[in-house]
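Working notes for the structure below.
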Amino acid sequence: MERVESDGDVLGALALIARGAVHGGAACACDPGVVRVLADREDGAVVRHGGIVAKAHAPGTEDAPHAVRVALAGDPALAGVLLPPVPGPRPERVAGRPVTVWPYGSPVDPGDPDAAPWEEAARLLALLHRTPPPPGPLPAMRAPAKAALAVGRMLRAAPDHPATATVFAAWRTVTEELGEDGTGGTRAYLCHGDFHLGQLVRDFRGDWRLIDVDDAGLGDPAWDLARPAAWFAAGLLPAEVWGRFLGAYEAVGGPAAGPDPWARLDLPARALTVQTAALALAKSTAEGRDLDEVEGVMIDTCARIPMARTVPGSAASP
């Protein structure tokens, strides 16, 4: 495969790759509105051209786990769960970053929270968790590692912020239970590793699919439910919505549920609360701004964590 390494123009190179995947060598007559940058972050740059997007993954992405994760997205056993990549010869790297090409999918509308597909998200997660892992070595899903990285970023960016000690104290309750392997007792289920509503798109048939397998792998499926669980416990996700989400997950036989789902969700929910708060401190400090209302709620929630474990609906919930 061709390698594009020299000029470092990530977005320009991605635009050429996406255009080539759509048109080959033919002229482009696409509407300008469907030829644009969708994301330009260090952890993922994405350019759309018509019905195709090209993505440059994070610098430092390990080749072997990355290849396994992309192959997982194309596994026929997960065809109704994960959006598959677009096959075909194209550059493997841009400016040292791995590149993949995907069908464009319509995302969740952030301006219409009442229409958010919580039940469909829960169903897809349950189906993912219930799918037997394919043969061969699989990487660990990265949710616990991402929480630790967020805390490290906070300590570097905002060591003197008044709330940093609060968030770190909450993090210590998590690390005490994660164990030596840093997972809290890994279970061998397929997991997404970074679930939130931004990881859902509608495919060309209009069906919801999960995207972004950069953190996927084997682990405890409770971590995929941790972000909405943390939002619910912090009071940011209404109880009715949380109930619909968890009920839909249980209805499909999701393995992270049970008679007392919070026995499994407590640790991951605390970890995602800390992760969210830590990133808020790091970003707000770097941008020279005050915390917004939601960020403040997550800091306040961290302050309660050392005093009590998660008790859904109580004042002491994380």
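Note that this is a predicted model, so its numbers are computed, not measured.
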Treating [X] as the side-chain partner and [Y] as the backbone partner, does any N or O pair qualify as donor plus acceptor under 3.5 Å?
X      : Y      : answer
Thr164 : Ala158 : yes
Arg209 : Leu200 : no
Arg48  : Arg36  : no
Arg227 : Phe195 : yes
Arg172 : Val174 : no

Sole candidate of Asp212, Asp40, Asp43 that passes salt bridge (Lys or Arg N to Asp or Glu O under 4.0 Å) when paired with Lys55 = Asp212
For the pair Arg123 and Glu119, evaluate salt bridge (Lys or Arg N to Asp or Glu O under 4.0 Å) and give the outcome as yes or no after the intermediate values.
-> CA-CA 6 Å; Arg123 187 186 73 84; Glu119 291 95 334; over 6 Å; no
Derivation and outcome, side chain to side chain contact (heavy atoms under 4.5 Å, CB included), residues Leu281 and Ile299 = CA-CA 9 Å; Leu281 287 178; Ile299 300 296; 3.9 Å; yes
Check the angle between the aromatic planes of Trp242 and Phe232 and answer parallel, tilted or perpendicular using the 30° and 60° thresholds.
-> parallel
Minimum-distance pair of heavy atoms, taken over all atoms of Asp194 and His192 |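 So the two residues come closest at N-ND1, 3.1 Å.
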Which atom of Ala257 lies closest to which atom of Glu250, heavy atoms considered = CB-CG, 3.2 Å
Using the side chain to side chain contact (heavy atoms under 4.5 Å, CB included) rule, take His129 and Tyr249 through it: C-alpha gap first, then chi angles, then the decisive distance, then the call.
-> CA-CA 10 Å; His129 298 161; Tyr249 183 84; 2.7 Å; yes
Side chain to side chain, Leu72 and Val213, heavy atoms closer than 4.5 Å |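 Result no, sub-4.5 Å side-chain heavy-atom pair not found.
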Check the pair Asp266, Arg270 against salt bridge (Lys or Arg N to Asp or Glu O under 4.0 Å), reporting the backbone distance first and the verdict last.
-> CA-CA 6 Å; Asp266 176 71; Arg270 277 185 278 133; 2.5 Å; yes
Leu83, Leu78, Leu125 screened by side-chain contact (heavy atoms from CB on, under 4.5 Å) with Leu210, the one that passes | Leu125
How far apart are the C-alpha atoms of Arg264 and Asp220, what are their side-chain angles, what is the distance that settles it, and do they pass the side chain to side chain contact (heavy atoms under 4.5 Å, CB included) test?
-> CA-CA 9 Å; Arg264 292 276 296 279; Asp220 183 344; 3.0 Å; yes
Apply side chain to side chain contact (heavy atoms under 4.5 Å, CB included) to Leu14 and Val53, showing your working.
-> CA-CA 8 Å; Leu14 290 178; Val53 297; over 6 Å; no
